[in-house]
There are 2 protein chains.
Amino acid sequence: MQIGALARQTGCPIQTIRFYEQEGLLPPPSRSAGNFRLYGDAHVERLLFIRRCRSLDMTLDEIRVLLRLKNVPTQDCSEVNRVLEAHIEQVAVRIQELSALEQQLRSLREMCSEGRSAEQCGILCELSQPVSAAELAVP
Amino acid sequence: MQIGALARQTGCPIQTIRFYEQEGLLPPPSRSAGNFRLYGDAHVERLLFIRRCRSLDMTLDEIRVLLRLKNVPTQDCSEVNRVLEAHIEQVAVRIQELSALEQQLRSLREMCSEGRSAEQCGILCELSQPVSAAELAVP
DNA sequence: TTAACACTCTATAGCTACTATAGAGTCAAG
DNA sequence: CTTGACTCTATAGTAGCTATAGAGTGTTAA
């Protein structure tokens, strides 16, 4: 199967497949006489695994770890659990941060009603205030 | 005031100040005889404004719009309101997405208890399932 | 006077996870 | 034998910085 067929089967763009190969997530496939990449079912499976992980917003590094563990089927899988839990924690933290951010934005929005001049705009005025050290810590 | 002093006053790294100048967010300051950047109070104010916006996770493009509006003090500020509301909406959407993601991750976590072999790991098995079209839509 | 030191300058490369080109080559069908 | 669909490599771009190299500036102490 050529790269286009693999792309159709997995819903993954061709460029991205080549990118995953370059990054070592997909093993280099064999090549045709004309130097075209030739894939088999194992590649389909592995690429689907990667895409599933990406759809769960895992980083390529996290996926690399999972792929490594997957390739040693007899090994204890507790590291898989740890990777996943760390990832869940990251997502939870990000949700916390964004929720706090949304609160700040909504109270900022309260500062101004439509139709004022920019000079008197409560939002612009508030935005001109110094930032606290806590707020400066970029999420 | 040299760039180091501005950096200290605002808590913004020196490189970032130069980056903002390059991006047109900060106007190019005057220079000393030895070609050092020399800033005044207006620069401090403007940089604080930018950092406050960034701490609210606004993009540089959004900030550019706000700065433009801020510089025409007599103009109606309703566009400021619109920029802010669009930004709030984006944050709200992202929170929704991440919350759904967290749910998926937690139910994935349920699939495996510690101590199995990788082969039998419920998480790895589940991750090997094909991805639905809906899940493929990367947030 | 000169040496040390802190500060600044430009230019460039790196980060993540792709995406989008350019320009060339491959292969099957009409 | 040419058209068209497909593929190849290499390179640059995205956002918002961060980090480096190698050079110059400016003040102070020996």
Side-chain angles (χ1 to χ4, degrees), chain A residues 1-26 28-39 43 47 49-67 87 90-91 94 97 101 131 136-139, chain B residues 1-26 28-39 43 47 49-67 87 90-91 94 97 101 131 136-139:
Chain A
M1 157 183 9
Q2 291 185 1
I3 199 169
L6 179 60
R8 272 188 299 280
Q9 269 203 38
T10 58
C12 177
I14 290 178
Q15 319 281 28
T16 304
I17 295 174
R18 290 199 274 247
F19 171 72
Y20 288 156
E21 179 182 333
Q22 194 180 298
E23 290 296 302
L25 292 170
L26 273 179
S30 55
R31 298 284 185 131
S32 73
N35 200 32
F36 287 8
R37 287 173 179 82
L38 295 178
Y39 297 97
H43 286 98
L47 181 51
F49 182 88
I50 296 169
R51 292 303 272 181
R52 182 107 173 83
C53 291
R54 283 296 298 139
S55 79
L56 296 171
D57 225 19
M58 296 184 193
T59 65
L60 298 191
D61 270 347
E62 287 171 324
I63 299 172
R64 250 183 284 268
V65 173
L66 293 182
L67 283 171
H87 184 63
Q90 282 172 34
V91 171
R94 187 65 184 145
E97 290 170 351
L101 184 58
V131 206
L136 269 177
V138 175
Chain B
M1 159 184 4
Q2 292 185 357
I3 198 169
L6 179 60
R8 271 188 299 280
Q9 269 203 36
T10 58
C12 177
I14 290 178
Q15 319 280 31
T16 304
I17 295 174
R18 291 198 274 246
F19 171 73
Y20 288 155
E21 178 183 333
Q22 193 179 301
E23 290 296 302
L25 292 170
L26 273 180
S30 55
R31 300 281 184 134
S32 73
N35 201 34
F36 287 8
R37 288 173 178 81
L38 294 178
Y39 296 98
H43 286 100
L47 181 51
F49 182 88
I50 295 169
R51 293 302 273 180
R52 181 107 173 86
C53 291
R54 283 296 299 140
S55 79
L56 296 171
D57 224 18
M58 296 183 192
T59 66
L60 298 190
D61 270 347
E62 287 172 323
I63 299 172
R64 252 182 282 269
V65 172
L66 293 183
L67 283 171
H87 184 63
Q90 282 172 35
V91 172
R94 187 65 184 145
E97 289 170 351
L101 184 58
V131 206
L136 270 176
V138 174

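Numbered from 1 within each chain, the chains take letters A, B, ... in sequence-line order.
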Verify the contact: side-chain N or O of A:Y20 to OP1 or OP2 of C:dA17, cut-off strictly under 4.0 Å; return yes or no.
no

Salt-bridge contact A:D57-A:R52 (side-chain N to carboxylate O under 4.0 Å)
no

Closest to the 5' end of DNA chain D, once A:G34 and B:S32 are matched to their nearest nucleotides, is A:G34

By nearest nucleotide on DNA chain D, pick out whichever of A:Q22 and A:G4 is the more 5' one.
A:G4

Atom pair distance, as rounded to whole Å: CD in B:E21 and P in C:dC9:
9 Å

Please give, in whole Å, the distance from C:dA17 P to A:L25 CG?
9 Å

Does a side-chain N or O from A:R31 land closer than 4.0 Å to OP1 or OP2 of C:dT26, or not?
no

Provide, to the nearest angstrom, the distance between the CD atom belonging to A:Q15 and the C1' atom belonging to D:dT14.
15 Å

Could you give the CD-to-P distance, from B:E62 to D:dA15, as a whole number of Å?
12 Å

Should the pair A:R18-A:E21 be classified as a salt bridge under the 4.0 Å nitrogen-to-oxygen rule?
no

Under-4.0 Å side-chain N/O to phosphate OP1/OP2 contact, A:T59 with C:dT16
no

Result for 5'-nearest mapping on DNA chain C, choosing between A:F19 and A:N35, is A:F19

Would you indicate, yes or no, if C:dC9 has its OP1 or OP2 atom less than 4.0 angstrom from a side-chain nitrogen or oxygen of B:R37?
yes

Quick one: A:R54 CZ to C:dA17 C1', roughly how many Å, whole number?
6 Å

Within the structure shown, what part of the strands sits under 4.0 Å from B:R18 by heavy-atom distance: base, sugar-phosphate, or nothing?
base

Can you confirm whether the side chains of B:R51 and B:Y20 place a donor and an acceptor under 3.5 Å from each other?
yes

Please work out if B:Q2 contacts a base, only the sugar-phosphate, or nothing of the nucleic acid, heavy-atom cut-off 4.0 Å.
sugar-phosphate

Using a cut-off of strictly less than 4.0 Å, decide whether B:T16 has a side-chain nitrogen or oxygen near OP1 or OP2 of D:dG16.
no

Round to a whole Å and report the spacing from CD1 of A:I14 to P of D:dC8.
8 Å

Roughly, in whole Å, what's the span from CD1 in B:I3 to P in D:dG26?
15 Å

Phosphate oxygens OP1/OP2 of C:dA17: is one of them under 4.0 Å from a side-chain N or O of A:R64?
no

